[in-house]
Number of protein chains: 2
Amino acid sequence: MFRAMNRDVAPAETGAAVIARQLASAILRGEYPPESILPGEIELATKFSASRTSVREALKSLSAKGLIQSRKKAGTSVRPRADWQMLDRDLLALRLEIGPEHSFATDLLALRQAIEPAAAAAAAQHQDKAAIAVIAAAFAEMEAATHDRTRFVDPDLRFHKAILAASGNEFMMAFGAMIEAGLAAFITISLRHSGAPAPSVPLHHNILKAIEAADPEAARTAMETLLSRTKSNISQDHA
Amino acid sequence: MFRAMNRDVAPAETGAAVIARQLASAILRGEYPPESILPGEIELATKFSASRTSVREALKSLSAKGLIQSRKKAGTSVRPRADWQMLDRDLLALRLEIGPEHSFATDLLALRQAIEPAAAAAAAQHQDKAAIAVIAAAFAEMEAATHDRTRFVDPDLRFHKAILAASGNEFMMAFGAMIEAGLAAFITISLRHSGAPAPSVPLHHNILKAIEAADPEAARTAMETLLSRTKSNISQDHA
DNA sequence: TTTGCTTTTATGTCAGACATAAAGCATTAT
DNA sequence: ATAATGCTTTATGTCTGACATAAAAGCAAA
């Protein structure tokens, strides 16, 4: 019946996407600083051995992410950093690639410490049973994969995303990519030390229990505790 | 010398941008629900009386904002809501247009209550003198415009953005558009009641003083107090 | 029913042309 | 000398038509 079940796979990267990523990378690296003017579209097309059409589509992407702004005759300029949508999935991935990793991890963690306790408290308050069931399901998978570091990552991420969804706040959901990037950075850093993975299952359990018990303050505290643990794991990297 | 000092003005909206906004609006309104397939590019071009080129550039923008995803032969589909970059400036503006206003305002305020106290604490901690001077400058303008509601908005926004910048966290800066939208929604709502504007100048002053005094916890508390005040102003709208 | 081939189709890319607005320059007027 | 005016240039914006490509859908054989 369903020969191809790949409805969810990402499409292969095509020309315009490659150009977009290279230009975005150059901008993030500071090769084209804010207020500066990019090369003209024809020049870029030559540089990337592509048509002007593809270059323009790439520029449209960057424009949508707040990196650049085009004006007739004046050319395409890099916008101030404050306008960059740094929480965008693609930009986060680029930023991690470029480094430095440590400030990336600590800055993202600081954001997580601001957002996730509030989301957990909201989830405990909001009591969306279906959404809470998703959290519980993710937790069950985490328990099952306690000793397998690789298999643990995926349900861990789903656990945190499910809490955002359960918050009932339509904007909280937008932080999924941020958490994903934060986890990725954390893994990168902690793998360097090959230290034993912290036993975070009980900490996650406390969060789930507090949300199920409709106890916002307990949920907030439990999430704060988990993230503090993560933070100390990162900090020892810098030392 | 400088006949045209309009380096900072937004370019006039052109065809592709209009198409992008109309499609994004339709998606946000649920006219094209997640997982559904948009009309083909040629059909869209006919519908908007534009060329396929313009339609494609519009779709590229939406794709960059996480709203859609294109696959060869299969068409362009709407992505799940969790992938939407709802903190994007344009999407926030659309969301406010579409309504409902009240949940927009309360959800955004909940986010502000998570982010801004943390940003204020980080700013007090980080002690970037130049950035703190920007906060102080914005505050001075707020004081000068206390009695003029219209003139007050601009320095108020700059005050909050300057705190994000002073946090020293490269990702905190990305919330400028969110705060802007939150303020705009708050103004929309509070204007309906034409109630006397709350005297928030002293509350802002407390935040500034705490940051200058390098007292993170005081800064956090002062920001929390200000936002609680805002919250009660919004709540009375719903009642 | 499954497997493998073929056709169809919607997106992806290209090339060339023209439209448009605004920056830059030269000219003129004050 | 400075400021207003108009012309020219130029880079982005749009349009058209064509071809490339990958993958879904359909067909046929095993």
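Treat the numbers as computed from the prediction; the structure is a model and nothing was measured. Residue numbering restarts at 1 for every chain, and letters A, B, ... go by the order of the sequence lines.
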Exercise for the section: For S103(B) and R95(B), test the side chains for any donor-to-acceptor distance below 3.5 angstrom and give the result as yes or no. Expected result: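 Judged by distance alone, the side chains do pair up.
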
- prompt: Does R21(A) come within less than 4.0 Å of D90(A), counting only side-chain N to carboxylate O?
  reply: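 No, no charged N to carboxylate O under 4.0 Å.
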
Check: Is R151(A) salt-bridged to E141(A), cutoff N-O under 4.0 Å?
Finding: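 Here R151(A) does not pair with E141(A) in a salt bridge, since their nearest N and O are not under 4.0 Å apart.
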
Nearest whole angstrom, please: distance from the P of dA21(C) to the CD of Q69(A).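 Q69(A) atom CD is separated from dA21(C) atom P by 17 Å.
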
inquiry  = Let me test you: for the helix from dT1(C)-dA30(D) to dT30(C)-dA1(D), what is the angle between the axes at its two ends (five pairs each), rounded to 10 degrees?
reply    =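 Comparing the axis at each end, I get an angle of 20°.
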
*Any Lys/Arg nitrogen of R89(B) or D83(A) sitting under 4.0 Å from an Asp/Glu carboxylate oxygen of the other?*
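Answer for the salt bridge query: yes.
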
Item to complete: Find out whether L44(B) and I19(B) are in side-chain contact, i.e. whether some heavy atom of one side chain is under 4.5 Å from a heavy atom of the other.
Response: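 They are not in contact (no side-chain heavy atoms under 4.5 Å apart), so the answer is no.
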
Would you call the rings of F152(A) and H204(A) parallel, tilted or perpendicular, where under 30° means parallel and over 60° means perpendicular?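 F152(A) and H204(A): perpendicular rings.
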
* So, are E35(B) and R79(B) salt-bridged, with charged N and O less than 4.0 Å apart? ->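 No, E35(B) and R79(B) are not salt-bridged.
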
task = Indicate whether the side chain of S25(A) and that of R29(A) have a donor and an acceptor atom separated by less than 3.5 Å.
result =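 Short answer, yes.
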
B/S/- along nucleotides 8-15 of chain D (protein heavy atoms under 4.0 Å) is -BBBBBBB

